[in-house]
Amino acid sequence: MTRKLNDKQKCMAYVLNQDPDFGYSQKKISAMMGVSQSTISNAIDDVAHWLEIRDLTRQLDDAKRQLADLGVLPEPPVLYLE
């Protein structure tokens with residue numbers, strides 16, 4: 001059975017591989033962490049997706065603030081009564 005990385009370890013793998021100050025290969029990181037190279041590749045992809053999601057969330061929050069600044073408010077919900 002292969003060992004899984006926790007979120008902190010995934011972030012460490014991402015930094016080791018993607019940060020120009022480190023620049024470790026996935027193969028070297030996998031040896032350091034005792035997992036397969038594909039596990040490291042997947043971990044790096046996971047963190048990249050987390051970063052994209054957080055950036056999108058930040059952009060949506062900015063859009064909501066801009067709309068509020070313009071006085072645009074959410075419409076009240078429509079209630080359907082039978």
Side-chain angles (χ1 to χ4, degrees):
M1 184 157 114
T2 59
R3 189 169 75 85
K4 290 188 174 187
L5 298 178
N6 63 36
D7 291 348
K8 186 175 185 177
Q9 291 168 321
K10 288 179 180 184
C11 289
M12 292 169 75
Y14 181 88
V15 169
L16 286 169
N17 182 256
Q18 297 295 307
D19 189 298
D21 290 338
F22 291 92
Y24 282 64
S25 69
Q26 291 181 9
K27 186 175 180 177
K28 188 166 187 171
I29 299 166
S30 69
M32 289 170 56
M33 294 187 166
V35 296
S36 68
Q37 183 272 327
S38 64
T39 298
I40 297 301
S41 177
N42 291 335
I44 291 167
D45 287 346
D46 285 349
V47 175
H49 288 112
W50 298 340
L51 291 169
E52 287 178 36
I53 291 167
R54 287 192 176 158
D55 186 53
L56 179 58
T57 301
R58 199 173 304 119
Q59 290 178 37
L60 291 172
D61 288 342
D62 289 344
K64 285 181 184 181
R65 278 191 291 280
Q66 290 174 355
L67 288 168
D69 290 345
L70 294 170
V72 180
L73 301 174
E75 291 193 44
V78 176
L79 299 176
Y80 295 97
L81 301 174
E82 297 202 22

(message) Checking Ser36 against Thr39 for the side chain to side chain donor-acceptor pair (under 3.5 Å) test, could you report, in this order, the C-alpha distance in whole Å, the side-chain angles of both residues, the deciding distance, and whether it holds?
(response) CA-CA 5 Å; Ser36 68; Thr39 298; 2.9 Å; yes
Apply side chain to side chain donor-acceptor pair (under 3.5 Å) to [X] and list each qualifying residue two or more places apart in sequence or on a separate chain.
X	result
Ser25	none
Asp21	none
Asp7	none
Arg65	Asp62

Side-chain donor-acceptor pairs under 3.5 Å in residues 43-54, sequence neighbours left out?
unit_1	atom_1	unit_2	atom_2	d
Asp46	OD2	Lys10	NZ	2.8
His49	ND1	Asp45	O	2.7

Rounded to the nearest 0.5 Å, what separates atom [atom1] in [X] from atom [atom2] in [Y]?
X	Y	atom1	atom2	value
Ile40	Ile29	CD1	CD1	6.0 Å
Gln9	Arg3	CD	CZ	5.0 Å
Ser41	Gln37	OG	CD	5.5 Å
Lys64	Asp69	NZ	CG	14.0 Å
Leu67	Leu73	CG	CG	9.5 Å

(request) Only counting residues at least two apart or in another chain, list the ones meeting salt bridge (Lys or Arg N to Asp or Glu O under 4.0 Å) with Asp55. (result) Arg58
(request) Using a 4.5 Å cut-off on heavy atoms from C-beta on, say whether the side chain of Asn17 contacts that of Phe22. (result)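 Heavy-atom side-chain distance check fails, nothing below 4.5 Å.
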(message) Just checking Met12: does its CE atom have more than 12 heavy atoms from other residues, nucleotides or ligands closer to it than 6.0 angstrom?
(response) no
